[in-house]
Amino acid sequence: MKLLSDLLYKAGIKEVKGDINLAITSICFDSRKVANSSLFVAISGTQNDGHKFIDGAIKDGSLAIVCEVFPEEIEERITYVQVKSSTEALGIIACNFYDNPSEKLKLVGVTGTNGKTTTATLLYSLYRGMGKKVGLLSTVRNRIIGETITATHTTPNAIELNRLLAEMVKKGCTHCFMEVSSHAIHQRRISGISFLIGLFTNITHDHLDYHNTFDEYIRAKKQFFDYLPASATAITNADERHGSTMVLNTKATVKKYGLKAMADYKCRLVENSFEGLQLNIHGHDVWTRLVGSFNAYNLLSVYAVAIELGEDQLEVLTSLSSLSSVEGRFQHFKSKGNIIGIVDYAHTPDALKKVLQTIK
């Protein structure tokens, strides 16, 4: 239970009608989930406008409404809060409701077209292998230390996201590694979340059914780095055409990784076979069971994040060699007859091309 006045801190209030010293038991943006003494946030979504459900939310027990436009009929017993952006406000309100859990974790956000799931999961596995209590928010599944929670979206909605982060804090997690999708960035699901590190993998044509054009898709990804504070670090792929675009004008400290271009974190691909990869990272040879040049980039980015988080270089390099392929990400199996089977989730043109090139 929280006071409405506390929940509205930094929420971009334009006008208030009613009492803000109310005790709120829950927050929601889905009118079907309204409960007694709840706060309903009316969001203008891509399919439905939450403002149409304000009356229903009040009938079902909402004490307060956050909206961009006041309804024509105002009930005296209800508090109405007009904000600049309901989606932005929802994220901030959710952070306040759960006592800003992202500020109590070392939170790393991974964005890009391909490699998000692999990189976030490898980071989770790396830190688990180093004996740390960590969380994972990914397309495949969410994890809190050893507990697995089924994922429904690449990035959860703002309320679920903060609930999961708060649960991680409660259970003693020190770090969280999180996929950040372009949809979540554009819809401001990460509003109010404090990232310590933002990582960019790559960008190719994807989700154009949502973003309409490739330029819009790029701008959505770039917004993640635009919102990073000066206290954060932005790590970008120096070999990617749009790698520099992502961190242009960011307030965060910029670091680069790459196999070809000049970068803060460099790697040389020594050998690439179905047996694994042999890499040379900053003069140190590392052998890993992962396969493919794309995994060389994934592993190098994982190394960069760990070093930026202050981990010991030799411990990180040693732990890298013990990592296994992520479920559905170029998992390969060999039969007794030396027949090789490969399972991969690749669904974009670029990802399919890299998988086929690696097999060849």
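Residue numbers count from 1 along this sequence.
Of the possible donor and acceptor atoms, none in the side chain of Asn272 sits under 3.5 Å from a partner among the backbone N and O of Leu277. Looking at Ser191, its side chain does come within 3.5 Å of a backbone N or O of Glu88 through a donor-acceptor pair. A side-chain donor-acceptor contact under 3.5 Å links Glu68 to the backbone of Ser86. Formation of a donor-acceptor pair under 3.5 Å by the Gln278 side chain with backbone atoms of Val270 is not found in this model. With hydrogens and angles disregarded, a donor-acceptor distance shorter than 3.5 Å links the side chain of Asn157 to the backbone of Glu160. Not one N or O on the side chain of Asn100 forms a donor-acceptor pair closer than 3.5 Å with the backbone of Glu103. In this structure a side-chain-to-backbone donor-acceptor pair under 3.5 Å is present from Lys266 to Lys260. Although no hydrogens or angles enter the test, the distance criterion places no donor-acceptor pair under 3.5 Å between the side chain of Asn280 and the main chain of Arg268. Within the 3.5 Å criterion, the main-chain N or O of Ser138 finds a donor-acceptor partner in the side chain of Asn142. Listed for the Ser5 side chain is no donor-acceptor partner under 3.5 Å among the backbone atoms of Asn21.
Of all the heavy atoms in Ala220 and Ile185, the pair that sits closest is O-CG2, 2.9 Å. When all heavy atoms of Ala296 and Leu279 are compared, the closest pair comes out as CB-CD2, 3.8 Å. Nearest approach of Ala238 to Ala263, heavy atoms of both residues: CB-CB, 4.1 Å. Between Ile65 and Ile58 the shortest heavy-atom distance is CD1-CG1, 4.0 Å. When all heavy atoms of Cys67 and Ala42 are compared, the pair lying nearest together is CB-CB, 4.2 Å. Across Leu323 and Thr288, no two heavy atoms sit closer than the pair O-OG1, 4.0 Å.
Lys2 and Asp99 are joined by a salt bridge, as a carboxylate oxygen and a charged side-chain nitrogen come within less than 4.0 angstrom of each other.
With a 4.5 Å cut-off on side-chain heavy atoms, Tyr227 and Arg188 count as touching. Looking at heavy atoms from C-beta onward, Ile281 lies in side-chain contact with Leu320 at the 4.5 angstrom threshold. In this structure, the side chains of Met168 and Leu137 come closer than 4.5 Å at one or more pairs of heavy atoms. In this structure, Leu136 and Thr121 have side chains that are in contact, with non-hydrogen atoms separated by less than 4.5 Å. Phe224 is listed as a side-chain neighbour of Ile190, based on a closest heavy-atom distance under 4.5 Å. Using a 4.5 Å heavy-atom threshold, the side chains of His282 and Gln313 count as touching. When side chains are defined from C-beta on, Ile145 counts as touching Arg128, because their heavy atoms get closer than 4.5 Å. A 4.5 Å side-chain heavy-atom check between Asn162 and Phe97 finds every atom pair outside the cut-off.
Leu90 and Phe53 end up in different hydrophobic clusters when Ile, Leu, Val, Met, Phe, Trp and Tyr side chains are linked at under 4.5 Å. A continuous path of hydrophobic side-chain contacts links Phe29 to Ile24 [ILVMFWY only; heavy atoms under 4.5 Å]. Criterion: ILVMFWY side-chain heavy atoms under 4.5 Å apart, direct or through other members. Under it, Ile159 and Val169 are not part of a common hydrophobic cluster. Under the 4.5 Å side-chain contact rule for hydrophobic residues, Val16 and Ile54 do not share a cluster. In this structure, Leu196 is a member of the same hydrophobic cluster as Met130, with clusters built from ILVMFWY side-chain heavy atoms closer than 4.5 Å.
More than 12 heavy-atom neighbours from other residues, nucleotides or ligands sit within 6.0 angstrom of NZ on Lys171. Counted within 6.0 Å of CD on Glu76, heavy atoms from surrounding residues, nucleotides or ligands total 12 or fewer; the atom is thus considered open. Sparse packing is recorded around CD of Glu73, with 12 or fewer heavy atoms of other residues, nucleotides or ligands lying under 6.0 Å away. At most 12 heavy atoms of other shown residues, nucleotides or ligands fall within 6.0 angstrom of atom NZ in Lys133. For Lys222, the NZ atom is densely surrounded, since the number of other residues' heavy atoms within 6.0 Å is greater than 12.
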Next on the checklist: The test is side-chain contact (heavy atoms from CB on, under 4.5 Å); show your working for Cys28 and Phe40 and say whether it passes.
Outcome noted: CA-CA 5 Å; Cys28 60; Phe40 177 69; 4.1 Å; yes
Next on the checklist: Apply side-chain contact (heavy atoms from CB on, under 4.5 Å) to residues Thr245 and Ile203 and explain how you reach the verdict.
Outcome noted: CA-CA 11 Å; Thr245 303; Ile203 193 162; over 6 Å; no
Item to check | Working for side-chain contact (heavy atoms from CB on, under 4.5 Å), residues Val108 and His175 | outcome: CA-CA 8 Å; Val108 176; His175 300 70; over 6 Å; no
Next on the checklist: Let's go through His242 and Asn202 carefully: what are the C-alpha distance in whole Å and the side-chain angles of both, what is the deciding distance for side-chain contact (heavy atoms from CB on, under 4.5 Å) to 0.1 Å, and is it a yes or a no?
Outcome noted: CA-CA 8 Å; His242 298 286; Asn202 52 60; over 6 Å; no
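Interatomic distance, Thr119 OG1 to Leu126 CG, rounded to the nearest 0.5 Å: 12.0 Å. Here the OG1 atom belonging to Thr25 is positioned 7.5 Å from the CG atom belonging to Asn36, to the nearest 0.5 angstrom. The distance from atom NE2 of His186 to atom CD of Gln223, rounded to the nearest 0.5 Å, is 6.5 Å. Here the CG-CG distance, from Asp60 to Asp55, works out to 11.0 Å after rounding to the nearest 0.5 Å. How far CG of Leu122 is from OG of Ser324: 9.0 Å, rounded to the nearest 0.5 Å. Here the CG-CG distance, from Asn96 to Leu3, works out to 12.0 Å after rounding to the nearest 0.5 Å.
Side-chain contact check for Tyr297 and Asp239: at least one donor-acceptor pair (N or O, by modelled atom type) lies under 3.5 Å. Side-chain N/O atoms of Tyr217 and Thr113 include a donor and acceptor closer than 3.5 Å. With hydrogens and angles left out, the side-chain atoms of Thr111 and Lys221 include a donor and acceptor closer than 3.5 Å. Of the N and O atoms on the side chains of Ser38 and Ser62, at least one donor lies less than 3.5 Å from an acceptor on the other residue.
Using bins of under 30°, 30° to 60° and over 60° for the plane-to-plane angle, the ring pair Tyr127/Phe177 lands in the tilted bin.
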